[in-house]
Amino acid sequence: MHARTADTPIAARAGPLRVLVVDDSAVVRQALAAILSRAGMAVAVAADPVIATEKMRRERPDAIVLDLEMPRMDGLTFLRELMARDPLPVVVCSGAVGEAGGAALQALEEGAVEIIAKPRLGVKGFLEESAARLVDAVRAAAQARVRRPRAAHAGAPPAAGPTPVRRAIAPAAARPPKLVAVGASTGGPEAIRAILERLPPDAPPLVVVQHMPEPFTAAFARRLAGICRVEVREARDGDRVRAGLALVAPGNHHVAVRRGGGQLRVDVVDGPLVSGHRPSVDVLFRSVARAAGAGAVGVLLTGMGDDGAEGLCEMRAAGAHTIAQDEDTSVVFGMPGEAIARGAAAEVLPLGLVATAILERAR
């Protein structure tokens with residue numbers, strides 16, 4: 001069985017998904033294996049990357065669930081070697097305490113496709129409650145186009161990235177830039193990074209929903225802030241939407257845009273799952289359709305499922321310009337593909353053209 005790379009079509013396979021769980025905690029291995037087995041997957045386990053490597057020689061898995069802090073070899077080193085040697089879909093299962101949170105985000109840059117959170121206490125109970133999220137993450141990973149990291153090391157200087165887009169200077173009398181709403185799931189962190197790091201400091205205001213566990217969204221925003229020319233931070237309730245600022249929805253909270261006093265602000269709220277997620281792209285897009293109408297641009301990026309497809313339809317119906325990422329550059333084509341099928345996308349673009357389109361359409 002060959003690795004699914006960005007240039008290799010994803011073919012349907014017969015039989016259950018084969019998943020290898022790599023974690024030094026026997027409790028976590030047992031809990032993860034039980035949940036994935038109940039979902040019909042064939043699960044093998046390994047206490048560290050050395051044992052995992054031996055098991056992979058005997059039978060190649062369709063996806064790996066990987067802890068990062070382990071004996072003999074840490075998970076990040078194992079991931080780098082795996083991606084350099086023979087790329088395979090990897091879901092990182094990590095705590096977000098101290099350096100672990102940063103390591104999990106670095107793992108996404110190194111080629112992992114998803115993160116699920118591991119608590120410090122009550123591991124088994126937490127994982128049981130989060131079974132649906134775990135199963136969805138592994139299924140999405142197994143469908144993903146595995147991409148080699150774009151740089152040999154995540155610490156490569158920003159200059160190694162894509163050329164920034166220059167924004168034309170608008171006349172003084174021009175209307176303010178349109179609000180840009182962005183949604184993504186599997187593969188989204190790197191797609192969002194690829195867009196935001198190309199935007200100029202005076203880019204149109206952005207509100208971003210990325211499906212990501214609660215402990216990681218603030219660290220994700222900080223990581224983007226360190227490499228982008230726009231200001232990036234996690235959204236707070238009541239934040240004003242303004243040019244040059246990208247607000248990232250906090251994990252486990254919905255973000256909606258409202259108009260009040262002639263300004264656009266965000267509400268950060270609790271609530272039930274919508275389209276299977278919290279935060280939900282549909283919640284953001286529907287609120288933008290109501291609050292901004294034709295004064296908005298909607299962008300739906302890579303991800304499994306259909307979150308955001310209906311919301312993008314509502315944005316287009318309200319007069320907004322709508323963009324969906326194309327299949328060739330999507331890690332998983334579920335969300336943008338569903339939006340395209342419903343007629344929600346005015347444009348279907350490869351990832352490399354999205355930043356330019358945002359600047360053109362948001363003027």
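Please read all numbers here as calculations on a predicted model, not as lab measurements.
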Ionic contact status for [Y] with [X], cut-off 4.0 Å:
{"X": "R361", "Y": "E347", "result": "yes"}
{"X": "R29", "Y": "D23", "result": "no"}
{"X": "R236", "Y": "E234", "result": "no"}

key: L224 and R193: CA distance, side-chain angles, deciding distance, side chain to side chain contact (heavy atoms under 4.5 Å, CB included) verdict   = CA-CA 7 Å; L224 290 173; R193 169 181 169 163; 3.8 Å; yes
query = Can you tell me if E114 and T186 form a side-chain donor-acceptor pair at under 3.5 Å?
reply = yes
ask   = Just by distance, with hydrogens left out, do Q325 and T329 show a side-chain donor and acceptor under 3.5 Å apart?
value = yes
Report the distance from atom [atom1] of [X] to atom [atom2] of [Y], rounding to the nearest 0.5 Å.
{"X": "D48", "Y": "D24", "atom1": "CG", "atom2": "CG", "value": "8.0 Å"}
{"X": "L79", "Y": "M83", "atom1": "CG", "atom2": "CE", "value": "5.0 Å"}
{"X": "I64", "Y": "K55", "atom1": "CD1", "atom2": "NZ", "value": "12.5 Å"}

remark   = ring pair (Phe, Tyr, Trp, His ring centres under 6.0 Å) filter on H321, not counting sequence neighbours, yields none
message = I want to check something: taking the side chain as every heavy atom from C-beta on, are F78 and V50 in contact at a cut-off of under 4.5 Å?
response = no
inquiry  = Side chains of D74 and E69, heavy atoms from C-beta outward: is any pair under 4.5 Å?
reply    = no
Find out if a path of hydrophobic residues (ILVMFWY) with successive side-chain heavy-atom gaps under 4.5 Å connects [X] to [Y].
{"X": "F220", "Y": "L196", "value": "yes"}
{"X": "I192", "Y": "V180", "value": "yes"}
{"X": "V268", "Y": "V281", "value": "yes"}
{"X": "M56", "Y": "L66", "value": "yes"}

Write down the atom of [X], the atom of [Y], and the distance for their closest heavy-atom approach.
{"X": "A355", "Y": "R198", "value": "CB-CB, 3.9 Å"}
{"X": "V22", "Y": "A52", "value": "CG2-CB, 3.7 Å"}
{"X": "Q106", "Y": "R223", "value": "CB-NH2, 3.4 Å"}
{"X": "D202", "Y": "A243", "value": "O-CB, 4.4 Å"}
{"X": "L301", "Y": "A184", "value": "CB-CB, 3.8 Å"}

Is there a donor-acceptor pair closer than 3.5 Å between any side-chain N or O of [X] and the backbone N or O of [Y]?
{"X": "R278", "Y": "G271", "result": "yes"}
{"X": "S275", "Y": "H277", "result": "no"}
{"X": "N252", "Y": "E214", "result": "no"}
{"X": "R316", "Y": "G343", "result": "yes"}
{"X": "R265", "Y": "G238", "result": "yes"}
{"X": "D267", "Y": "V269", "result": "no"}

inquiry  = Determine whether I116 and C93 satisfy the following criterion, side chain to side chain contact (heavy atoms under 4.5 Å, CB included), listing intermediate values before the conclusion.
reply    = CA-CA 5 Å; I116 57 173; C93 180; 3.8 Å; yes
message = If you apply the rule side chain to side chain contact (heavy atoms under 4.5 Å, CB included), what do you find for M304 with R139, and how did you get there?
response = CA-CA 9 Å; M304 184 176 179; R139 285 177 175 159; 3.9 Å; yes
message = Walk me through whether I358 and K178 qualify under side chain to side chain contact (heavy atoms under 4.5 Å, CB included).
response = CA-CA 9 Å; I358 286 174; K178 295 179 179 179; over 6 Å; no
Please determine which of [options] meets the side-chain contact (heavy atoms from CB on, under 4.5 Å) test together with [X].
{"X": "L206", "options": "V241, L245, L199, L247", "answer": "L199"}
{"X": "D239", "options": "V207, V255, L264, V266", "answer": "V266"}
{"X": "V21", "options": "V28, V65, V91", "answer": "V65"}

Would you be so kind as to tabulate the donor-acceptor pairs closer than 3.5 Å made by side chains of residues 287-300, with sequence neighbours excluded?
unit_1: S287; atom_1: OG; unit_2: V257; atom_2: N; d: 2.9
unit_1: S287; atom_1: OG; unit_2: V283; atom_2: O; d: 3.4
unit_1: S287; atom_1: OG; unit_2: L284; atom_2: O; d: 2.7

request  = Give the C-alpha distance, both sets of side-chain angles, the deciding distance and a yes or no for salt bridge (Lys or Arg N to Asp or Glu O under 4.0 Å) between E338 and R342.
outcome  = CA-CA 6 Å; E338 186 62 31; R342 298 185 192 186; 2.9 Å; yes
